[in-house]
Amino acid sequence: MDEVKQLVTDIKNRQLKPIYFLMGEEPYYIDKISDFIEDTMLTEAERGFNQMVLYGRDISVEDIISNAKRYPMMAEYQVVIVKEAQDLSRTIEKLAHYAENPQPTTILVVNYKYKKIDKRKALYKALKKTSVVYESKKLYENQVADWIRRVLSPKGYTITPKAAQMLVEFLGTDLSKINNELEKLQIIFPKGHQITPEDVEENIGISKDYNNFELRKAIGDRNAVKAYQIVNYFAENPKDNPMVVTVSLLFNFFSQLLHFHGLKDKSPRSVASALRINPYFVNEYVTAARNYPMRKVSAVVSTLREFDVKSKGVGANAVPQGDLLKELLVRILN
């Protein structure tokens with residue numbers, strides 16, 4: 001995120017490079033940087049003759065080079081934006097010759113999503129000498145809640161840890177989807193508002209009481225009544241609560257719990273750092289560790305591996321996922 005801010009600042013200050021090669025698994029920042037250049041580099045009057053958007057599926061690398069070598073008309077620069085450039089992955093190395101000696105009056109923006117070029121080859125080496133190569137890496141799940149807070153803070157909003165965790169568990173690590181939901185909340189609530197689980201439930205449709213986050217906590221607390229209530233809700237709403245996701249999240253939780261048991265220093269700060277979790281959630285792991293000794297945790301991890309396979313239809317084709325989930329809960333709690 002800091003790298004993106006610096007990149008945007010440099011562009012605002014007209015510290016420009018001839019090529020911006022934007023690549024990587026996370027498309028959110030690739031789109032943000034590309035859109036910023038598209039919206040701000042040229043004036044509205046200049047764009048008609050000097051801004052061009054190309055799509056990788058419709059063109060060749062030779063077409064990109066041909067357009068990039070044109071001169072601007074009545075403007076200091078022309079901007080050529082190539083979207084979905086990953087469709088040219090087999091031939092993208094042909095861009096290396098142009099990257100070695102790019103047209104100084106052209107700003108070429110290449111959106112190379114979900115992939116990255118080989119850093120050992122000529123294109124990457126040429127780009128590093130003359131231009132900007134930005135790699136947008138996928139965030140780990142335990143990093144996304146912090147990302148949510150960092151996105152909201154400059155806009156004047158805060159969010160509770162539970163509300164952030166609800167968004168992560170419901171939307172995963174897709175930053176574009178999460179940002180879309182955050183923008184909805186910013187339209188609804190005034191600046192200075194703290195986003196709560198109730199806000200998320202009412203405006204995004206994620207139940208604050210019946211979700212994987214609450215199931216994990218109920219299991220950790222050995223609160224069988226609440227855990228069965230949540231599982232029954234999941235069984236009645238399987239499309240919104242796929243078992244494969246629930247099993248994966250529980251597997252991560254018990255794997256972390258196994259790690260917790262092996263820690264010598266169990267102070268809150270040390271636990272949060274070792275498990276890569278928000279300090280707000282440390283007490284949940286302390287409680288769960290009391291309720292599940294290391295031997296039991298190992299057995300649960302083994303059980304979850306078994307049910308992960310079953311949730312994907314192997315050896316349990318005729319069993320409804322709701323019934324599988326109830327059986328899993330019995331195995332964990334007993």
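Source: prediction; values computed, not measured.
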- Given a cutoff of under 4.5 Å between side-chain heavy atoms of I, L, V, M, F, W and Y, with clusters grown through shared members, what are the other residues clustered with Val245? Val244, Leu249
- Return the minimal non-hydrogen interatomic distance between Glu38 and Val53, and the atom names on each side. OE2-CG2, 3.9 Å
- Message: Side chains of Glu84 and Gln86: any donor to acceptor distance under 3.5 Å?
- Response: yes
- Query: Between Glu44 and Arg47, does a salt bridge (Lys or Arg N to Asp or Glu O under 4.0 Å) hold up when you go through it step by step?
  - Reply: CA-CA 5 Å; Glu44 191 172 344; Arg47 286 177 201 148; 5.4 Å; no
- Task: Test ring-ring contact (aromatic ring centres under 6.0 Å, His included) on Phe281 and Phe253 and set out the steps.
- Result: CA-CA 12 Å; Phe281 298 112; Phe253 175 66; over 10 Å; no
- Electrostatic pair Lys17-Asp10, nearest N-O below 4.0 angstrom: no
- Examine distances only and state if a side-chain atom of Ser298 and a backbone atom of Met294 form a donor-acceptor pair shorter than 3.5 Å. yes
- Message: With heavy-atom distances below 4.5 Å as the criterion, would you say the side chains of Phe170 and Val200 are in contact?
- Response: no
- Item | Rounded distance [0.5 Å steps], CD in Glu201 versus CG in Asn203 | 10.0 Å
- Can you check whether Val133 reaches Lys128 side chain to side chain, under 4.5 Å on heavy atoms? yes
- Will you find, in the side chains of Thr246 and Asn212, an N or O donor that is under 3.5 Å from an N or O acceptor? yes
- Residues Glu214 and Lys162 bridged, charged N to O under 4.0 Å: yes
- Message: Would you say that Ile219 contacts Phe254 through its side chain, given a criterion of any heavy-atom pair below 4.5 Å between the two side chains?
- Response: yes
- Message: Run the ring-ring contact (aromatic ring centres under 6.0 Å, His included) test against Tyr210 and tell me which residues pass, sequence neighbours left out.
- Response: Tyr233
- Query: Any side-chain heavy atom of Tyr98 sitting closer than 4.5 Å to one from Ile19?
  - Reply: yes
- Query: Where does the angle between the aromatic ring planes of Tyr29 and Tyr134 fall among parallel (under 30°), tilted (30 to 60°) and perpendicular (over 60°)?
  - Reply: perpendicular
- Task: Look at the side chain of Gln78 and the backbone N and O of Arg70, then say whether any donor-acceptor pair between them is shorter than 3.5 Å.
- Result: yes
- Atom CZ in Phe36, atom CG in Asp31: separation rounded to 0.5 Å? 15.0 Å
- Relative to Tyr124, does Lys121 satisfy both conditions: NZ or CZ under 6.0 angstrom from the six-membered ring centre, and within 45 degrees of the ring's axis? no
- Item | Minimum-distance pair of heavy atoms, taken over all atoms of Val110 and Ala85 | CG1-CB, 3.5 Å
- Is a side-chain donor-acceptor pair under 3.5 Å present for Thr196 with Asp199? yes
- Item | Sidechain N-carboxylate O distance under 4.0 Å for Lys137, Glu3 | no
- Query: Counting distance only, does the side-chain N/O of Gln165 pair as donor-acceptor with the main-chain N or O of Ala145 below 3.5 Å?
  - Reply: no
- Query: Is atom NZ of Lys266 surrounded by more than 12 heavy atoms (other residues, nucleotides or ligands) closer than 6.0 Å?
  - Reply: yes
- Message: Please check if the number of heavy atoms outside Glu93 that lie under 6.0 Å from its CD is greater than 12.
- Response: yes
- Message: Taking Glu26's backbone N and O only, do any of them form a donor-acceptor pair with Lys113's side chain (distance below 3.5 Å, no angle check)?
- Response: no
- Task: Ignoring hydrogens and angles, state whether a donor on the side chain of Asn179 or Glu183 is under 3.5 Å from an acceptor on the partner side chain.
- Result: yes
